[in-house]
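When a residue number appears, it is its place in the shown sequence, counting from 1. Both counts, for ligands and for their atoms, begin at 1 and track the order of listing.
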Amino acid sequence: MGRLYNTSTPYYAEAVSALKSVFGLTSFRQNQLEAINATLDGKDVFVLMPTGGGKSLCYQLPAVCKTGRTQGVTFVISPLVALIADQVASLREKHVNVDCMSSLRTVDDSRDVMRRLRSQQKPDICYITPEKLRESNAMQDILAQLYEDKQIARFVIDEAHVIQSWGRDFRDAYAELHMLRERYRDVPIMALTATANKTAIQDIRTRLGLRDPLCLMQSFNRPNLYYAVQPKPSTKKKVVQAIAGFIKSQHATHTGIVYGFSKLECEELAEQLRNDYGLSAKHYHAGMDSQERSTTQEEWQSGSCKIIVATIAFGMGIDKPDVRFVIHSTLPKSMDGYYQETGRAGRDGDPADCILYYAHRDAVSRHQLINSDRNDKGPARTPEEKKRQLEDLSAVAQYCRNEADCRRSLILAHFNERFDSHLCPKGCDNCSRGGTVFRQLYTLEAQQAIRLFGEMAASMDRIALGHFKDVYAGRNRAKVRESGHDQLSLFGVGKGVDGDRIISAMLGADIFAIAREASASGWTNDYLKVIKAQSSFCW
Ligand SMILES: Nc1ncnc2c1ncn2[C@@H]1O[C@H](COP(=O)(O)OP(=O)(O)OP(=O)(O)O)[C@@H](O)[C@H]1O
């Protein structure tokens, strides 16, 4: 559907008029008009737009139009009550007739909304959480009646990626949304998300039963974001020092987000940034009560607190335009997650920094955690979940270890988008370094490391990582002498090369693996294992 064709639809005049009079905007952004025209024409639509791209307008605007093929209420299924509250407040300021059903509403409020849905003064938009939709029988009755009266204009599934069972934001009530198509066959559906690769898109389409949808996708490139990966210092104290140093030197007066892994880590990090470095930082995680969380978020949103140190519980629906930096103190769970989290920076289009601190030890602990049966989200992981989480981890670790390729190209490749790295001059650490990247084959060194491992394994059951590195590098340590490994024919075979990097890259390529074991005294030891041999090896 071309742009010209879009302006000649029967819906265009009303859409432009509403854009100006209701939303106070002057022009459509990429794909907005296409989405609006298609849904007003009764078609299913799938919208994939980067965070901050303007997805909300794609369904809010048609909801106030009267010329569409389908009439009545636009139901918006949205996963977060806080997000719903923000959207409702902002629409009410624009005098849009909007209601919502969520756990934040009192029983009386909900009754009121349902009464209005049954009356002649129906809202144009009704936001609802998937849980409320599933659990309320009264709501089901209302929907059935509205459907019979042809008074449902469309269903909108916001943050549609939540429907994927393996997704990190998965909610089981989302999985049941397939019933919308089954029960209300003629009602058009619009699904929107900012995070989906090809498989995920197909999955969302199938799960929602979309019928020949108009798929609107656009580049995921965020040209104003600078991406960099920094080596993570070896102690907690030095990590805080590095983060504080970066903020103080580059963003002393700016707003930002620091993502940490655990609730405790976030609390400690925020406290140290505050007490030791005088920065205006507060923590945020799912373990806080909802009042405390919304107060912290409000303080950050209003600018009275500059830095939020958070787990990934902080994010979905954040619409603060002037976030100038997003720091990851440890590696994110997946490339999808990384894109989403960094996407909260620079929504106003001005430059912003995305810095990730990477240490191989973090990847090892995460690997260990996924393989263990502990799961922070409740029931133990299924084998399929484990596999997918390990794949996600491996993709992120590979991204972090890559010191040669354009980071923007790597990120966009994850969304199956080709990006010419020449268009990223100094837009990431790897492109900023300039010069020519030499790729060198290290097949021989890797093969020798595997052979050395074999020689050592003949006289030792479990080979500690540190010990292996010493023997590979030919270090004359007491432990090496005691084990007799200084007498092996391959002792010191990695002397002339950067052994740490070769071994770490072999770990990343799943040639080696680490088994972490706790000793009786509570210390943990990392032991090396060989997983597979590789025919060629380079970085
Ligand atoms: N056509 C437009 N012209 C100017 N500003 C717009 C337009 N459409 C949307 N915006 C603005 O862009 C910002 C982001 O829009 P919106 O919140 O809909 O993004 P989003 O795609 O839903 O992002 P997220 O995935 O993070 O929720 C808002 O401040 C909105 O007012």
Side-chain angles (χ1 to χ4, degrees), residues 3 6-7 12 15-37 39 45-65 74 76-94 96 98 125 127 156-163 167-169 190-196 200-201 204 216-222 224-225 255 257 297 300-301 310 312-323 326 336-350 352 354 415:
R3 199 80 182 170
N6 265 300
T7 57
Y12 180 68
V16 170
S17 154
L19 179 77
K20 293 181 182 155
S21 62
V22 181
F23 295 92
L25 300 170
T26 49
S27 58
F28 289 105
R29 285 186 180 166
Q30 192 182 353
N31 286 342
Q32 285 180 329
L33 183 58
E34 285 80 353
I36 292 165
N37 269 323
T39 188
V45 188
F46 179 89
V47 180
L48 181 65
M49 242 184 221
T51 44
K55 286 184 284 299
S56 319
L57 195 80
C58 298
Y59 57 85
Q60 290 175 346
L61 192 145
V64 300
C65 290
T74 292
V76 182
I77 292 104
S78 177
L80 285 187
V81 284
L83 183 59
I84 292 180
D86 283 355
Q87 299 240 356
V88 168
S90 134
L91 285 170
R92 287 208 171 125
E93 274 173 23
K94 297 181 176 84
V96 172
V98 57
I125 308 184
Y127 280 86
V156 175
I157 321 293
D158 201 9
E159 312 282 359
H161 60 279
V162 177
I163 205 166
R168 64 199 192 116
D169 299 315
M190 180 187 278
L192 307 102
T193 179
T195 172
I201 294 168
I204 295 169
L216 296 166
M217 305 184 202
Q218 64 193 66
S219 172
F220 270 48
N221 185 22
R222 298 284 310 275
N224 58 322
L225 302 190
T255 293
I257 307 173
Q297 183 169 339
W300 180 77
Q301 203 84 33
I312 53 169
F314 183 74
M316 214 197 275
I318 299 286
D319 185 17
K320 186 162 170 58
D322 57 345
V323 177
V326 169
D336 260 9
Y338 184 59
Y339 181 81
Q340 281 275 307
E341 285 139 28
T342 51
R344 283 158 202 141
R347 285 163 73 96
D348 54 6
D350 286 347
C354 306
F415 296 102

Where on Met49 is there a heavy atom closer than 4.0 Å to ligand 1, on the side chain, on the backbone, on both, or on neither?
->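 Looking at Met49 and ligand 1, no heavy atom falls under 4.0 Å.
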Check Gln32 against ligand 1 and report side chain, backbone, both or neither, counting heavy atoms closer than 4.0 Å.
->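 The answer is the side chain.
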Any side-chain heavy atom of Asn31 sitting closer than 4.5 Å to one from Met49?
-> yes
Heavy-atom side-chain contact between Ile257 and Trp300 under 4.5 Å |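 Result yes, sub-4.5 Å side-chain heavy-atom pair found.
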When you measure from the side chain of [X] to the backbone N and O of [Y], does any donor-acceptor pair fall under 3.5 Å?
X	Y	value
Glu34	Leu216	no
Arg29	Gly53	yes
Arg344	Val326	no

Run down the list Pro321, Ser90, Gly54, Gly349 and name the one with the heavy atom closest to atom 15 (O) of ligand 1.
->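 Nearest option to atom 15 (O) of ligand 1, by heavy atoms: Gly54.
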Selection from Lys55, Lys320, Gln87, Arg29 by shortest heavy-atom distance to atom 20 (P) of ligand 1 |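 Checking each option, the heavy atom nearest atom 20 (P) of ligand 1 is found in Lys55.
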Can you list the atoms of ligand 1 that are under 4.0 Å from a heavy atom of Ser56?
->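 So the answer, numbered in order with elements, is 16 (P), 17 (O), 18 (O), 22 (O).
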Does even one non-hydrogen atom of Arg344 get within less than 4.0 Å of ligand 1?
->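 Checking ligand 1 against Arg344, which is what was asked, there is no heavy-atom contact under 4.0 Å.
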Tell me, please: is Ser27 in heavy-atom contact with ligand 1, that is, under 4.0 Å?
->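 The answer is yes: ligand 1 sits under 4.0 Å from a heavy atom of Ser27.
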Among Lys94, Arg92, Gln87, the one residue meeting side chain to side chain donor-acceptor pair (under 3.5 Å) with Ser90 = Lys94
